[in-house]
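Atoms within a ligand are numbered from 1 in the order they appear, just like the ligands themselves. Everything numeric in this text was worked out from a predicted model, so none of it was measured.
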Amino acid sequence: MTRVAVIGTGVIGASWTVHFLAQGLDVVASDPAPDAEERLREAVGAHERLTFTADPGEAAAAADFVQENAPERPEVKNALFATLDAAARPEVVLASSSSTLLPSAIARACTRHPERVVVGHPFHPPHLVPLVEVVPGEATAEAAMEAAMAFYTAVGKKPVRLRRELPGHLANRLQAALWREAYALVQSGAASVADVDTAIAYGPGLRWALLGPLATQHLSGGAGGLGHVLAHLGPPTEAIWRDLGEPDMTPEFVADLVAGVEEELDGADPVALTARRDAALRAVLAAKTDLP
Ligand SMILES: NC(=O)c1ccc[n+]([C@@H]2O[C@H](COP(=O)([O-])OP(=O)(O)OC[C@H]3O[C@@H](n4cnc5c(N)ncnc54)[C@H](O)[C@@H]3O)[C@@H](O)[C@H]2O)c1
């Protein structure tokens, strides 16, 4: 596997390009925007293993793996996948970065080989965050799932294989569950935006980042592990579930949330803060190498 086609080179496509080049792969990138090549080369720096074409079919025909990152609009993805499917060799996996579309819907326009279409959903930014969710559609073949898992592993990602497609895949559903209660707590006046962030970032979030929520819970049970935890804390947790809130996302409340974050960040420059966060993220990843 030496050449990847990166189709759509906005926020996510540019970051994938950085990652694939850093992994020693050739990248053939494609994007119809007039200034796309210039923007990409600016983001990536001069690179002899990067080529660019405005024609997505040409990129797909030259690739051993296709990573699509076009706008999140079904009609755009469908037209694009019809082109990619017509051009790519039959065994080449066509992976979409889509956050919200199901692979079955994306593959609908593929008349040749819909069995090689998967969602390969990264987390922003893909050159830093290891997770990729690999999701099969109704027509996806086992061989395509295995090839996608092997590819992402080989290029240093941490792929998770979903057993079936569902809205939001896996991680965004988990985030949505937390956000729902976080917003509800703020709306009810129980906590401020800053309180919510402190509670997670200086509490459970630290351990979740290292081992995930379920293995963390297992370790909190001592010798009895998760079984012991659920035997005594399971029923009270179920009582909390029955009390969880349902925020009403009115424009006024959204404005309150935005104001709450602005107050929390106290004028910090978002670009500088992102850079500091990403530096800390690199250190956390380096510290995790001893963990499963
Ligand atoms: N931004 C995120 O945090 C994030 C995270 C994970 C996945 N994703 C997914 O990645 C994909 C891209 O999102 P983004 O945030 O990079 O969007 P973006 O708007 O930054 O980039 C989209 C790019 O696609 C190009 N484009 C437009 N029409 C096209 C076409 N017909 N063919 C090819 N390229 C075309 C645009 O010129 C633009 O450069 C979406 O499917 C999104 O769901 C986004």
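Interface of E72 with ligand 1, defined as ligand atoms under 4.0 Å from a residue heavy atom, comprises 40 (C), 41 (O), 42 (C), 43 (O). Listed by atom number, the atoms of ligand 1 under 4.0 Å from K77 heavy atoms are 40 (C), 41 (O). Listed by number with element, the atoms of ligand 1 under 4.0 angstrom from any heavy atom of H121 are 6 (C), 7 (C).
Nearest to atom 12 (C) of ligand 1 among the protein's heavy atoms is N69 O, 3.2 Å. Here the heavy atom of the protein found nearest to atom 11 (C) of ligand 1 is A70 O, 3.5 Å. Closest to atom 33 (C) of ligand 1, if we only count protein heavy atoms, is P32 CD, 3.6 Å. With hydrogens left out, the protein atom closest to atom 17 (O) of ligand 1 is V11 N, 4.6 Å, a heavy atom. V76 CG1, 3.8 Å is the protein heavy atom nearest to atom 31 (N) of ligand 1. Among protein heavy atoms, atom 3 (O) of ligand 1 sits closest to H124 CB, 3.4 Å. In this structure, the protein non-hydrogen atom closest to atom 26 (N) of ligand 1 is P71 CD, 3.4 Å.
By the 3.5 Å distance cut-off applied to N or O atoms, S99 is counted among the residues near ligand 1. Between D31 and ligand 1, a contact under 3.5 Å exists for at least one N or O pair. On a distance-only criterion, S30 and ligand 1 share no N/O pair closer than 3.5 Å.
Within the structure, the closest approach of P122 to ligand 1 falls below 4.0 Å when heavy atoms are considered. The closest approach between any non-hydrogen atom of P56 and ligand 1 is not below 4.0 Å. Heavy-atom distances between R39 and ligand 1 reach below 4.0 Å in at least one pair.
A salt bridge links E246 with R180: the distance from a Lys NZ or Arg NE/NH1/NH2 to an Asp or Glu carboxylate oxygen falls below 4.0 Å.
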Derivation of the side-chain hydrogen bond (donor to acceptor under 3.5 Å, both in side chains) call for D195 and T198: CA-CA 5 Å; D195 293 335; T198 303; 5.7 Å; no

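Of the possible donor and acceptor atoms, none in the side chain of D31 sits under 3.5 Å from a partner among the backbone N and O of A70. The backbone N or O of N69 sits nowhere less than 3.5 Å from a side-chain atom of Q67 that would complete a donor-acceptor pair. Looking only at distances, no side-chain donor or acceptor of D85 sits under 3.5 Å from a matching main-chain atom of P114.
The residue E68 has no part lying near ligand 1, judged by heavy-atom distances below 4.0 Å. Of all the heavy atoms of I12, the ones lying under 4.0 Å from any atom of ligand 1 are found in both the backbone and the side chain.
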